[in-house]
There are 2 protein chains.
Amino acid sequence: MSSEAPCTRDKILQSTLALLEAREVQSVRMGDIAKRSGISRQALYLHFKSRAELLIATTRYVEDIHDVDARLLPSRTARTGLERLDAYIESWGEFLPKIQGIAKALIVMSETDSEAAAAWDDRMQAMRSGCAAAVKALKRDKQLSPQHTVEQATDILWMLMSFQNWQQLTQACGWPPATYGKKLKQMARSILVVDAGG
Amino acid sequence: MSSEAPCTRDKILQSTLALLEAREVQSVRMGDIAKRSGISRQALYLHFKSRAELLIATTRYVEDIHDVDARLLPSRTARTGLERLDAYIESWGEFLPKIQGIAKALIVMSETDSEAAAAWDDRMQAMRSGCAAAVKALKRDKQLSPQHTVEQATDILWMLMSFQNWQQLTQACGWPPATYGKKLKQMARSILVVDAGG
DNA sequence: TCGGTTACTTGACATCGTGTCAATTGACTT
DNA sequence: AAGTCAATTGACACGATGTCAAGTAACCGA
């Protein structure tokens, strides 16, 4: 439970997460995380061998906290392909804001660290599997537009749902979360579904 | 002409560009650029006050070389809204591969340098104007889907045409350039156009 | 031909963040 | 009393950016 005194490792992960949500990624240094965790900078290296490893661990920590699997349940139990598509976009749209900080950090880290790149890629491939499943369900229902192969449709849905697009629409364009969800469903239907009734 | 001996500043810009196209962004250091330009590292600072400024100057240099304005001519002279949309996507799709290196560099630099961020944002806003113009032409032709406001339609087209999406589709998904162009036009029509024939 | 300017060189150095190492402390076991 | 474990302190190497000072070589105009 969170009311118990967390062990040092958990304190570090919590601090990292809090800082990433509060500030610009690059301004979250090992020293800052240590200070906020109430330990020395060197002690961080007793728990994580590098900054990259700490960020990767934080990613897993976030997914644990928010119970990704439970969130995706409605999309897996959907009856029709359309329902599944909508449910998947919906859950993802609710999940994205929660991983914002760590996602940005991991993307930036990916430029210099191949393990970070692999970790982020792994999460994105997991998300892609969900896209592939939704597309497959559409295909099964004969609702997939003949304009695209199954592969292409998956690529397209994956692209639409990318973290960068979410960032651009909600941050740069100022779309509220509800608009993001609604519009993304519209777009996915317009592109992928044969009879795009909304 | 390029057969004349270029001045030092131009040599630097050419070297920067060549290196950014050949290698990972972060591995292009001031020292590398200097070596390739045949001058000392310190001499770089006689021409550009920082790495960020050099990258920004390189961006302008690339746009000069490839004559962006001329490229966009067909989209500006298009008769119908649909023609304009297609022409704009087409030119952008041809232009993107050429700015790949410097674009990635500027995006990475944006994390740490606010001037670089402003420079990239400026280019993206310019691209957005083109999107707005295409959407307006569709609206004029009564071909804009009533699902979206003009503003939203612009946001959507802007998102679809983003550098990150191009990267994801051509690199991660392995789409050939021709497929990228064709599919992007399809997607834009499906989402934005009222009678999405095509 | 002298003097000045311009472009560039060399070498040393400050700064910042990551990551490492060695010696030490303090608490809890057995 | 001895041992172990988590953490501390302080020093330090490394790599990259950016700065500074002194020197050089070519060119240009009076």
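Because the structure is predicted, anything quoted here is derived from the model rather than measured. So that the names make sense, note that chain A is the first sequence line, chain B the second, and so on, each numbered from 1.
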Note to self: Please report the interatomic distance CG(A/Leu169) to CG(A/Leu184), rounded to the nearest 0.5 Å.
What the structure shows: 7.5 Å

Item checked: Integer-rounded Å distance: D/dT17 C1' and A/Gln26 CD -> 14 Å

Next item on the list: Indicate yes or no: at least one non-hydrogen side-chain atom of A/Val135 is less than 4.5 angstrom from one of A/Leu144.
Entry: yes

Next item on the list: With pairs defined as Watson-Crick or G-U wobble and both distances under 3.5 angstrom, please note down DNA chain D as a dot-bracket string, | for pairing with another strand.
Entry: ||||||||||||||||||||||||||||||

Notebook entry, point to check: Counting any heavy atom closer than 4.0 Å, what does A/Ile39 reach on the DNA or RNA strands: base, sugar-phosphate only, or nothing?
Noted result: sugar-phosphate

Next item on the list: Would you kindly give the CG-to-C1' distance between B/Leu54 and D/dT17, to the nearest whole Å?
Entry: 13 Å

Item checked: Side-chain touch A/Val193/A/Ser145, heavy atoms, less than 4.5 angstrom -> no

Notebook entry, point to check: B/Arg9 CZ to C/dT6 C1': how many Å, rounded?
Noted result: 17 Å

Next item on the list: Look only at the side chain of A/Asn165 and the backbone of A/Met159, and say whether a donor-acceptor pair between them is shorter than 3.5 Å.
Entry: yes

Check: Among A/Leu192, A/Ile89, A/Ile191, whose side-chain contact (heavy atoms from CB on, under 4.5 Å) with A/Leu160 holds?
Finding: A/Ile191

Notebook entry, point to check: When rounded to the nearest 0.5 angstrom, what distance separates CD in B/Glu83 from OG1 in B/Thr77?
Noted result: 8.5 Å

Note to self: Counting C-beta onward and ignoring hydrogens, is there a side-chain heavy-atom pair between B/Trp166 and B/Met161 closer than 4.5 Å?
What the structure shows: no

Check: Does any donor atom in the side chain of B/Lys183 or B/Gln186 lie under 3.5 Å from an acceptor atom in the other side chain?
Finding: yes

Notebook entry, point to check: Tell me, for nucleotides 11-23 of chain C in 5' to 3' order, what letter each nucleotide earns: B for a base near a protein heavy atom under 4.0 Å, S for only sugar-phosphate near one, - for neither?
Noted result: BB----SBBBB--

Check: Rounding to a whole Å, what distance do you find between B/Leu46:CG and D/dC20:P?
Finding: 13 Å

Notebook entry, point to check: Any side-chain N or O of B/His47 less than 4.0 Å from the OP1 or OP2 oxygen of C/dC8?
Noted result: yes

